[in-house]
Amino acid sequence: MPHDPDPPPAKRFKPGSPFFRLNKKPGMLLPRKGNAPLPIDVQRKHLPIYQAKSQLISQLRQLHNAVLIGETGSGKTTQIPQYLYEAGIGRQGVVAVTQPRRVAAISLAGRVAEEKKTQLGKLVGYTVRFEDVTSAETKLKFMTDGMLLREAIGDPLLQRYTVVILDEAHERTVHTDVLFGVVKTAQRKRREQNKFPLKVLVMSATMDVDLFSQYFNKAPVLYLEGRQHPIQIYYTKQQQSDYLQAALVSIFQIHQEAPLSHDILVFLTGQEEIEALARTCRDIAKHLPENCGPMTVIPLYASLPPVQQLRVFQPAPKGCRKVILSTNIAETSVTISGIKFVIDTGMVKAKKYSPDSGLEVLAVQRVSKAQAWQRAGRAGREDSGLCYRLYTEDEFDGFASMTVPEIQRCNLASVMLQLLALRIPDVLNFDFVSKPSPEAICTAIEQLDVLGAVERKDDQVTLTPLGKKMASFPLEPRFAKTVLLSPEFSCAEEVLTIVSLLSVDSVLYNPPARREEVQSVRRKFISSEGDHVTLLSIYRGFKNVGGNKEWCRENFVNSRNMGLVAEVRSQLREICIKLGMTLESSRGDMANVRRCLAHGLFMNAAELQPDGGYVALDSHQPVAIHPSSVLFQAKPAYVVFNELLQTSKCYMRDLCLVDADWLHEAAPEYFRRKLRTGKS
DNA sequence: AGACTCGAC
């Protein structure tokens, strides 16, 4: 370790308030590793929630709405659906339990089926995209919140359900937030129409549930004790100007002082930063004194191939410390056992949205208090833990208490299309838990208007026949429109592939350390017509070898995401067929494909300027070609792009070369208007 | 001249 003139931040930490107090009761602990596992019905009785079972049941029997706070490990999600069923509450229909993530819905259903000693898909089942493991017998149904939202389009009153449990509500995903309004409306309408009442339970892991309670007419709040171990929090005594340096010093401070079996989890902001810090850590670890012990450094972020992601679960060899450098993926999506230390930089990379420019900005920002607690909690899952916060307690006091709900940070075009498809009469005044700004709502409606999805009659907004078709696709409105236009250009098959490729995470794997290798391998797919055509030829290559994994590795293609593309494509294709569309291939005529993209994505067009830069035709702001684009070094006169992302500059991502004429023929009125405002 | 937080239908 290099000589450090200043005392390391870890030495400058002072103790803060403990997180949760340990509240052990005799006989209340789950078996630990090494103990013989208890029978599953005995395990159920050992959960903290079991003590409250009869009280809970009598409460839930009476209430139409309740908010449940359950700390981590309280067992609320697995037990409450079973308690309801066992008490005969809601048996006339189905109890739905929604989750923000697919894996959670699937694994929870598996766990509950096991506890009920039934086969998955009978009494207990799950529904997520591409997978429906339910039957006529299913009474307890775990599902993604997005899935319930889709179902609501066909059945706004949610008539199959007697109870809807909105779990992980504190995460405030767009889907959960929209569902709040959907279940509230369904509840009211069912009451008005004298239908079977709908019970709604909101479950949260954090205490800030006033908002939820208020939203449901001051619904009672029930508390459940959890089984979180105590976590000691330390703050820095002084502000840190360089959180990466502070993290580095803290890692090695802990490494020198703590037993090697204690793993460290560090929260950072992104891939590049993580890879760089990993390199630095490995370099330093090589030159440590012998009494220090070895260290294995494992990066963790979403775009890492699955094999490498799995490395975080492997225990380090005995006598070696495991240090995990992670994005916020480890806050909720990936749970790693055995973490003793959390180092929280207090920073996160997150999207912001400015409604007037319609621009999504990806920026490194401060976390919220709730997020900081969530991070700290990752240290106390099996045993007591420690969390080093690389900021002062005063700084922490200045953090926002909750993360701004996603619905206030994103483009609302999809949400508005969905609400309109749900036949909500007045979308402009929809009863959101947290209202997005009126500007954001108006911008979204205008975008839908320009796409021809809505019509306005004296303050009322309704879907056009085209809009209704668009809503039937699980796609952003502009992609849905592009698919619907594709038969006119005889290239539906190609457009389906392209849209599928764009609607999943990137299929391209770009390990920074092997950049030149990646570039040379990728050369054979690259098209001067842009990224869409390039992606199309990669997909063809993948199909030609039958999805061969070896081929994927050689070509730096993410095979998991590629597999997903194929699934999305066949789902979209089925919807097209149901709508009676003619699906043709353009047989290599890429001009038609690009023309179709121009017609669907005309709102995302940019024009080359005499100075060599670009200007977005919609907002008239200067934009640049993202370095990841195959057109990065080219200077096409006109392009359409997938999205704008502001990082160090305002970048266009995923570009397609187009003719100016195509844009004008796509939306003559729109461009006449844009050119006028552009000149003035 | 230079880059990609996390999810989901």
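Per chain, numbering begins at 1; letters A, B, ... match sequence-line order. Remember, predicted model here, so these are calculated numbers, not experimental data.
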Original post:
If you look at every strand shown and take non-hydrogen atoms under 4.0 Å, does Asp145(A) touch a base, only sugar-phosphate, or nothing?
Top reply: nothing
**OP:** List the steps, then state whether ring-ring contact (aromatic ring centres under 6.0 Å, His included) holds for Tyr391(A) with Tyr243(A).
**Re:** CA-CA 9 Å; Tyr391(A) 40 87; Tyr243(A) 66 83; over 10 Å; no
Original post:
Can you name the residues that form a side chain to side chain contact (heavy atoms under 4.5 Å, CB included) with Val312(A), not counting sequence neighbours?
Top reply: Ile298(A), Leu300(A), Ile324(A), Val334(A), Ile336(A)
Original post:
For dA8(B), does OP1 or OP2 lie under 4.0 Å from any side-chain N or O of Arg150(A)?
Top reply: no
**OP:** Measure from OH on Tyr301(A) to P on dA3(B) and round the result to the nearest Å.
**Re:** 17 Å
Subject >> Asp344(A): partners by salt bridge (Lys or Arg N to Asp or Glu O under 4.0 Å), with sequence neighbours left out >> reply: Arg375(A)
**OP:** Starting from C1' on dA8(B), measure out to CG on Leu179(A) and report it in whole angstrom.
**Re:** 12 Å
**OP:** Tell me what Leu362(A) touches on the nucleic acid: a base, only sugar-phosphate, or nothing, going by heavy atoms under 4.0 Å.
**Re:** base
Original post:
Among dG2(B), dC6(B), dA8(B), which nucleotide sits nearest the side chain of Thr144(A)?
Top reply: dA8(B)
Original post:
Checking only heavy atoms, does the side chain of Gln633(A) share a donor-acceptor pair with the base of dA1(B) at less than 3.5 Å?
Top reply: yes
Original post:
Leu475(A) CG to dA8(B) P: how many Å, rounded?
Top reply: 16 Å
Original post:
Is any side-chain N or O of Ser503(A) closer than 4.0 Å to OP1 or OP2 of dC9(B)?
Top reply: no
**OP:** Hey, which sits more toward the 5' end of DNA chain B by its nearest nucleotide, Gln271(A) or Met147(A)?
**Re:** Gln271(A)
Original post:
For Arg569(A), which of Leu564(A), Leu496(A), Ile498(A), Val504(A) qualifies under side-chain contact (heavy atoms from CB on, under 4.5 Å)?
Top reply: Leu496(A)
Original post:
Do Asp531(A) side-chain atoms and Val630(A) backbone N/O form a donor-acceptor pair below 3.5 Å?
Top reply: yes
**OP:** May I have the distance from Leu564(A) (atom CG) to dG7(B) (atom P), rounded to whole angstrom?
**Re:** 12 Å
**OP:** Would you mind checking if Glu151(A) and Arg160(A) are paired as a salt bridge, meaning a charged N to carboxylate O distance below 4.0 Å?
**Re:** yes
Original post:
Does Ser628(A) put a side-chain nitrogen or oxygen below 4.0 Å from OP1 or OP2 of dC4(B)?
Top reply: no
Subject >> Proximity to the side chain of Asn328(A) - top-ranked nucleotide from dA8(B), dC6(B), dG2(B) >> reply: dC6(B)
**OP:** Round to a whole Å and report the spacing from CE of Met652(A) to P of dA3(B).
**Re:** 15 Å
Original post:
Do any side-chain nitrogens or oxygens of Thr327(A) fall under 4.0 Å of OP1 or OP2 in dC6(B)?
Top reply: yes
Original post:
Under 6.0 Å from the CD atom of Gln159(A), do we count more than 12 heavy atoms belonging to anything else shown?
Top reply: yes
**OP:** Quickly work out the Asp611(A) CG to dA1(B) C1' distance and round it to whole Å.
**Re:** 14 Å
Original post:
Is there a side-chain polar atom (N or O) of Ser333(A) under 4.0 Å from OP1 or OP2 of dG7(B)?
Top reply: yes
**OP:** Compare the minimum distances between each of dG7(B), dC4(B), dG2(B) and the side chain of Glu406(A), then state the nucleotide with the smallest one.
**Re:** dG7(B)
**OP:** Go through dA3(B), dA1(B), dC4(B) for me and flag the one nearest to the Lys649(A) side chain.
**Re:** dA1(B)
**OP:** Give a yes/no answer on whether the side chain of Tyr651(A) brings an N or O atom under 4.0 Å of OP1 or OP2 in dC4(B).
**Re:** no
Subject >> Sugar-phosphate, base or nothing in reach of Arg515(A), heavy atoms under 4.0 Å >> reply: base
Subject >> Selection from dC9(B), dC6(B), dC4(B) that lies nearest to any side-chain heavy atom of Pro474(A) >> reply: dC9(B)
Original post:
Whole-Å distance between dG7(B) P and Lys351(A) NZ?
Top reply: 13 Å
Original post:
What integer distance in Å separates Leu149(A):CG from dG7(B):P?
Top reply: 20 Å
**OP:** Mind telling me if dC6(B) is syn or anti? Syn here is a glycosidic angle within 90° of 0.
**Re:** anti
**OP:** Mind checking Thr173(A) for me? I need base, sugar-phosphate or nothing, with any heavy atom below 4.0 Å counting as a touch.
**Re:** nothing
Original post:
When all nucleic acid strands are considered with a 4.0 Å heavy-atom cut-off, which category describes Ser648(A): base, sugar-phosphate, or nothing?
Top reply: sugar-phosphate
Subject >> Nucleotide nearest Arg102(A) when distance is taken to its side chain, options dC4(B), dC6(B), dA8(B) >> reply: dA8(B)
Original post:
Which part of the nucleic acid, if any, lies within reach of Arg101(A) when heavy atoms closer than 4.0 Å are counted: base, sugar-phosphate only, or nothing?
Top reply: sugar-phosphate
